[in-house]
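One structure is given here, and the rest of the page talks about it.
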Amino acid sequence: MTLSNGQPKVLDDVVFICFVYNQKKFVREAIDSAINQTCYPSRLIIMDDASSDGTQEVIEDVIKSAPSELTIEYWRNDQNLGLNAQLNKLSGQFENTLMVFQAGDDISEPTRVEETYACWLANDRPPLIVARYDEIDESGDMVSSFSASAKPQKKYTFKRLVNRRATIYGCCPAYHSQVFNHFGRIPSYIINDDRVNTFRALCLGNICYLHTSLLKYRVGIGVSFYDDVAKDDQLYRLVTDAKREVSDIKCHLSDLDAAPRKDKKYISKLLMRRNRYVMWLSALEQAPSFSDVLRAILSGVPIKPVWKAYKKLRK
């Protein structure tokens with residue numbers, strides 16, 4: 001989408017936000033991908049969470065050579081605050097604006113802004129648009145490429161989202177600014193910020209899914225969710241995930257109170273049912289016995305997820 005002078009069209013109601021922290025090796029390519037779009041956002045905002053590895057110098061060098069038609073803002077923290085604090089800065093910053101997110105080590109396809117924006121307008125400006133992505137390694141080599149023949153994501157519903165049957169495309173989202181304005185700050189105890197934001201978006205309307213790859217997602221680098229000693233321990237992984245999900249549900253229930261919905265009782269029931277399961281799972285110190293499973297079921301913990309966890313841990 002270009003103007004008569006050959007320059008990309010500037011979309012006044014779009015901002016592109018790149019979250020950066022100690023990504024000197026990759027940040028130039030990441031920012032270049034945001035710059036080399038077929039449509040320009042009204043602003044490209046680079047949020048640097050106090051990088052200390054030379055990332056700042058690379059960013060400043062990229063900005064110097066960027067096209068003058070593109071407005072770039074460099075937001076740098078004096079100290080590391082974490083991703084939630086970075087996200088919380090966006091609350092109240094924009095109105096009726098599409099916010100395209102990218103990490104400082106990923107690469108957006110040139111048409112990402114244009115395709116995402118077209119979807120946003122065609123679907124009455126939904127609270128969230130997600131898209132598929134390719135996976136690349138540290139060197140930029142392809143690990144796994146998206147295929148158009150892959151099974152599309154089913155419609156997002158609260159039942160599927162709460163029960164962890166809906167895929168969260170956390171590396172390639174674009175949010176309506178209302179998601180951050182309406183619900184406000186993400187609590188500091190939250191680790192799964194993408195799950196919280198997806199739930200918040202669904203509380204405000206439909207989530208749109210684009211069955212196309214709009215980003216190259218770098219895998220195998222960054223901070224691991226699990227320590228190296230226990231990363232292959234199935235019990236450790238399940239219990240750790242369950243503890244984080246307990247926090248997610250706590251946040252979901254609070255967000256539900258603020259949501260403009262008429263089906264709050266139904267959603268709350270889904271959350272509380274799921275909470276009984278994750279509370280049980282988060283308290284496990286060893287693989288449960290069959291009698292442990294029976295006691296859990298008799299106490300009101302949902303049968304299906306308990307049985308699934310039992311079979312997984314008894315393999």
Side-chain angles (χ1 to χ4, degrees), residues 84 87-88 90-92 94-99 101 116 119-131 151-170 172-187 189-211 241-282 296-297 299-308:
N84 288 353
L87 292 168
N88 288 337
L90 301 175
S91 179
F94 309 102
E95 290 290 339
N96 201 28
T97 298
L98 180 66
M99 303 190 301
F101 284 6
T116 304
C119 177
W120 196 53
L121 294 184
N123 290 277
D124 197 25
R125 299 174 183 254
L128 171 60
I129 298 171
V130 295
K151 189 175 181 180
Q153 171 69 40
K154 292 182 179 180
K155 179 180 174 64
Y156 283 84
T157 65
F158 281 104
K159 185 175 182 179
R160 296 187 67 247
L161 187 62
V162 169
N163 291 305
R164 298 292 177 107
R165 295 202 296 268
T167 303
I168 305 296
Y169 296 97
C172 195
Y175 294 98
H176 193 300
S177 54
Q178 186 65 8
V179 173
F180 291 84
N181 295 344
H182 184 87
F183 294 100
R185 299 176 63 82
I186 299 172
Y189 60 79
I190 290 295
I191 292 177
N192 301 324
D193 57 273
D194 50 357
R195 289 193 172 277
V196 167
N197 284 328
T198 301
F199 182 87
R200 289 177 169 187
L202 193 57
C203 282
L204 295 179
N206 293 324
I207 295 174
C208 289
Y209 163 79
L210 283 171
H211 193 62
D241 284 342
K243 289 178 178 178
R244 291 168 182 173
E245 191 174 352
V246 169
S247 297
D248 295 346
I249 292 174
K250 177 183 176 181
C251 187
H252 293 340
L253 288 168
S254 176
D255 289 337
L256 186 59
D257 286 339
R261 301 194 63 89
K262 296 180 179 179
D263 55 353
K264 290 184 181 182
K265 288 185 178 180
Y266 166 71
I267 301 169
S268 179
K269 185 177 179 180
L270 288 174
L271 289 168
M272 294 310 296
R273 184 176 186 273
R274 179 70 180 182
N275 195 59
R276 289 196 294 273
Y277 163 66
V278 294
M279 288 293 290
W280 170 78
L281 186 58
S282 67
I297 293 171
S299 69
V301 180
I303 296 174
K304 189 174 181 179
V306 168
W307 187 247
K308 184 178 179 180

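In what follows, every heavy atom counts, from backbone to side chain, and hydrogens, waters and symmetry copies are set aside.
- Using a 4.5 Å cut-off on side-chain heavy atoms (C-beta onward), Leu128 and Leu202 make no contact.
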*Please assess Asn206 against Tyr156 for the test side chain to side chain contact (heavy atoms under 4.5 Å, CB included), listing each intermediate value before the final yes or no.*
CA-CA 7 Å; Asn206 293 324; Tyr156 283 84; over 6 Å; no
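- How far CZ of Arg125 is from SG of Cys119: 12.5 Å, rounded to the nearest 0.5 Å.
- Shown here for Pro187 and Asn84, the closest heavy-atom pair between the two residues is O-ND2, 3.2 Å.
- Here the NZ-SG distance, from Lys264 to Cys203, works out to 8.5 Å after rounding to the nearest 0.5 Å.
- Rounding to the nearest 0.5 Å gives a distance of 4.5 Å between CD1 of Ile249 and CG of Asn275.
- Atom CG of Leu253 and atom CE of Met272 lie 6.0 Å apart (nearest 0.5 Å).
- Aromatic rings from Tyr175 and Phe101 are positioned such that their centres are separated by under 6.0 Å.
- Between Val179 and Pro127, the closest heavy-atom pair is CG2-O, 3.4 Å.
- Cation-pi geometry between Lys154 and Tyr209 is not satisfied (NZ or CZ under 6.0 Å from the ring centre, within 45° of the ring normal).
- Distance NE2/His252 to CD1/Ile267: 11.0 Å, rounded to 0.5 Å.
- Residues Leu204 and Phe183 have side chains in contact (heavy-atom distance under 4.5 Å, counting atoms from C-beta outward).
- Taking both residues in full, the closest heavy atoms of Arg244 and Ile191 are given as NE-CD1, 3.5 Å, listed atom of the first, atom of the second, then distance.
- Between His182 and Pro260, the closest side-chain pair of non-hydrogen atoms falls below 4.5 Å.
- Lys308 NZ: 12 or fewer foreign heavy atoms inside a 6.0 Å radius.
- Residues Arg160 and Lys155 approach most closely at NH1-O, 3.2 Å, considering heavy atoms.
- Contact annotation: the side chain of His176 never approaches that of Met99 to less than 4.5 Å [non-hydrogen atoms, C-beta and beyond].
- You'll find the side chain of Asp248 stays beyond 4.5 Å of the side chain of Tyr189, heavy atoms only.
- No donor-acceptor distance shorter than 3.5 angstrom exists from the side chain of Ser254 to the backbone of Cys251, with no hydrogens or angles considered.
- For the pair Leu271/Phe158, no side-chain contact is recorded, criterion being any heavy-atom separation below 4.5 Å from C-beta on.
- Under the 4.0 Å criterion applied to side-chain N and carboxylate O atoms, Glu245 and Arg274 are assigned as salt-bridge partners.
- Between Ile190 and Lys250, the closest side-chain pair of non-hydrogen atoms is not below 4.5 Å.
- From Glu95, atom CD reaches atom CD of Gln178 across 7.0 Å, with rounding to the nearest 0.5 Å.
- The two residues Ile186 and Asn88 make their nearest non-hydrogen contact at N-OD1, 2.6 Å.
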*Go through the steps to decide whether Thr116 and Leu98 satisfy the test side chain to side chain contact (heavy atoms under 4.5 Å, CB included), and finish with yes or no.*
CA-CA 9 Å; Thr116 304; Leu98 180 66; 4.0 Å; yes
Please tabulate, one pair per line, all N/O donor-acceptor pairs under 3.5 Å involving side-chain atoms of residues 299-307, not counting sequence neighbours.
unit_1: Ser299; atom_1: OG; unit_2: Arg295; atom_2: O; d: 3.4
unit_1: Ser299; atom_1: OG; unit_2: Ala296; atom_2: O; d: 2.7

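- Within the structure, salt bridge (Lys or Arg N to Asp or Glu O under 4.0 Å) contacts touching residues 253-263 (residues at least two apart or in different chains) are Arg200-Asp255, Arg261-Asp263.
- Counting heavy atoms from C-beta on, the side chains of Ile129 and Pro173 never come closer than 4.5 Å.
- Within the 3.5 Å criterion, the main-chain N or O of Thr97 finds a donor-acceptor partner in the side chain of Ser177.
- Counting all heavy atoms, side chain and backbone alike, Ser91 lies closest to Asn181 at C-OD1, 3.7 Å.
- Of the candidates Leu87, Asn192, Ile168, Leu87 is the only one forming a side-chain contact (heavy atoms from CB on, under 4.5 Å) with Asn197.
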